[in-house]
Amino acid sequence: MSALHLCLIFSTLLFALGLAAALSRSNAILVLLGVELMLNAANINFIAFWRFSPQFASNPHAGVIFAIFSIAVAAAEAAVGLALIIAVYRHYKNVRLQDADQLKG
Amino acid sequence: MSLSLLIFILIAIATLGSAAVALALKNIIRAALLLVVSWVGIAAFYLWADAQFVAFAQVLVYVGAISMVVLFGVVLTRRAPVSVVDTTVTPSMRAVAGVASAGLVALAVVWGILGTELPQTSSRAAAPVVNMRALGLELMGQYAAAILIVGALLTVALLGSVVVASHEEKLMKNEK
């Protein structure tokens, strides 16, 4: 088993933790944190493939730059997610996802 | 077992352990703080993998900014005097089904990874050298369009989140 295998298994377990949180928790903030954890697992995969792939000589920075852009998009996603949670809270006075069951504004 | 592998396993255990405990906790502030530990562990993984710049970006964005945004979200959405927000894991079929499906996904992906032939470049000497200057020049040259688009995306997303989260009462009155 190579180091790349270990990194991929690490990121898979992190992804599974995030998925379990996003599916089973009812607090909207914890669901958002689970989604963030899944995004982090994807970033770990970018860096692992960049670090342990044999043909990085053609473009030595591609993996790093991809991970940086991915982190920037994750930051935007977190801001929008928290804004949506605050909007839901103002409407329902609650952040339980089971209570937010209307499409009407 | 080499030292590098030992460090990786310690980082992985710290990251996965803190994330697992955080996502099972009832107190949401403690969960957010433990997730910060998990993000620091991921930054340590980036340092281990010789991606220093990404590690610093991870610390700045996740440990610095997103954790603060999450804590603000927790404080703004907590119900008045109660110190512990009710975030009990619903003892329903939904929680069981969620954890079971996540476990199935993990099993399937790990099975796929173990059955795949991957390049065996585990030697530490083979690390690609990241030159900060070259990285900056590439961001300004080959990836200039991408970085402009990310800047526009961040601006639009933050303005949009302000609009979504701001009060709408004045707008409603004007419409009436």
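So you know, we letter chains A, B, ... as the sequences are listed, proteins then strands, and number each from 1.
Only the side chain of Gln142(B) has a heavy atom closer than 4.5 Å to any heavy atom of chain A. Of the two parts of Leu76(B), the backbone and the side chain both hold a non-hydrogen atom closer than 4.5 Å to a non-hydrogen atom of chain A. Both the backbone and the side chain of Leu135(B) have a heavy atom closer than 4.5 Å to some heavy atom of chain A. Neither the backbone nor the side chain of Leu32(A) comes within contact range of chain B; no heavy atoms are under 4.5 Å apart. At a 4.5 Å heavy-atom cutoff, the contact between Leu82(A) and chain B is made by side-chain atoms alone. Heavy-atom distances place both the backbone and the side chain of Phe10(A) under 4.5 Å from chain B. With a 4.5 angstrom heavy-atom cutoff, Ala74(A) touches chain B via backbone and side-chain atoms both. For chain A, the nearby part of Tyr62(B) is the side chain; its heavy atoms alone come within less than 4.5 Å. With a 4.5 angstrom heavy-atom cutoff, Ala134(B) touches chain A via backbone and side-chain atoms both. Val99(B) touches chain A through backbone and side chain together, each having a heavy atom under 4.5 Å away. Heavy atoms of Ala100(B) lying under 4.5 Å from chain A are absent altogether. In this structure, the portion of Ile42(B) lying under 4.5 Å from any heavy atom of chain A is its side chain and not its backbone. Only the side chain of Ala31(B) comes within less than 4.5 Å of a heavy atom of chain A; its backbone N, CA, C and O stay farther away. At a 4.5 Å heavy-atom cutoff, the contact between Val150(B) and chain A is made by side-chain atoms alone. Looking at Leu37(A), only its side chain comes within 4.5 Å of chain B, counting heavy atoms on both sides. If you measure heavy-atom distances from Leu104(B) to chain A, you find no contacts under 4.5 Å at all. Residue contact with chain A, scored on non-hydrogen atoms closer than 4.5 Å, involves the side chain of Leu158(B) exclusively.
In this structure, Phe69(A) and Ile147(B) have side chains that are in contact, with non-hydrogen atoms separated by less than 4.5 Å. Looking only at side-chain heavy atoms (C-beta outward), Leu71(B) and Leu33(B) come within less than 4.5 Å of each other. Residues Asn43(A) and Phe46(A) are in side-chain contact: their nearest non-hydrogen atoms beyond the backbone lie under 4.5 Å apart. Using a 4.5 Å heavy-atom threshold, the side chains of Leu3(B) and Ile7(B) count as touching. Proximity of Val54(B) to Ile68(A): side-chain heavy atoms (C-beta onward) are separated by under 4.5 Å at one or more points. By the 4.5 Å heavy-atom criterion applied to side chains, Ile66(B) and Trp39(B) are counted as neighbours.
Using the six-membered ring where Trp is involved, Trp48(B) and Phe8(B) have ring planes that are tilted, between 30° and 60° apart.
Distance alone, capped at 3.5 Å, places no donor-acceptor pair between the Arg51(A) side chain and the Asp50(B) backbone. Between the side chain of Ser70(A) and the main chain of Phe66(A), no donor-acceptor pair closer than 3.5 Å is present. A distance-only check finds no donor-acceptor pair linking the side chain of His5(A) to the backbone of Leu114(B) [under 3.5 Å]. Within the 3.5 Å criterion, the main-chain N or O of Thr77(B) finds no donor-acceptor partner in the side chain of Arg90(A).
Comparing Val80(A), Leu13(A), Leu17(A) by heavy-atom pairs within less than 4.5 Å of chain B, the highest count is held by Leu17(A). Options Ile65(A), Val73(A), Val88(A), Leu84(A) differ in how many heavy-atom pairs under 4.5 Å they form with chain B, and the most are formed by Ile65(A). Ranked by heavy-atom pairs under 4.5 Å with chain A, the list Ile149(B), Val69(B), Ile113(B), Thr15(B) is led by Ile113(B). No other option in Ala22(B), Ala65(B), Ser38(B), Ala146(B) has as many heavy-atom pairs under 4.5 Å with chain A as Ala146(B).
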Residues Arg94(B), Leu23(A); criterion side chain to side chain contact (heavy atoms under 4.5 Å, CB included); working and verdict: CA-CA 8 Å; Arg94(B) 192 171 63 91; Leu23(A) 288 179; over 6 Å; no
Working for side chain to side chain contact (heavy atoms under 4.5 Å, CB included), residues Arg30(B) and Val21(B): CA-CA 10 Å; Arg30(B) 282 183 198 164; Val21(B) 173; over 6 Å; no
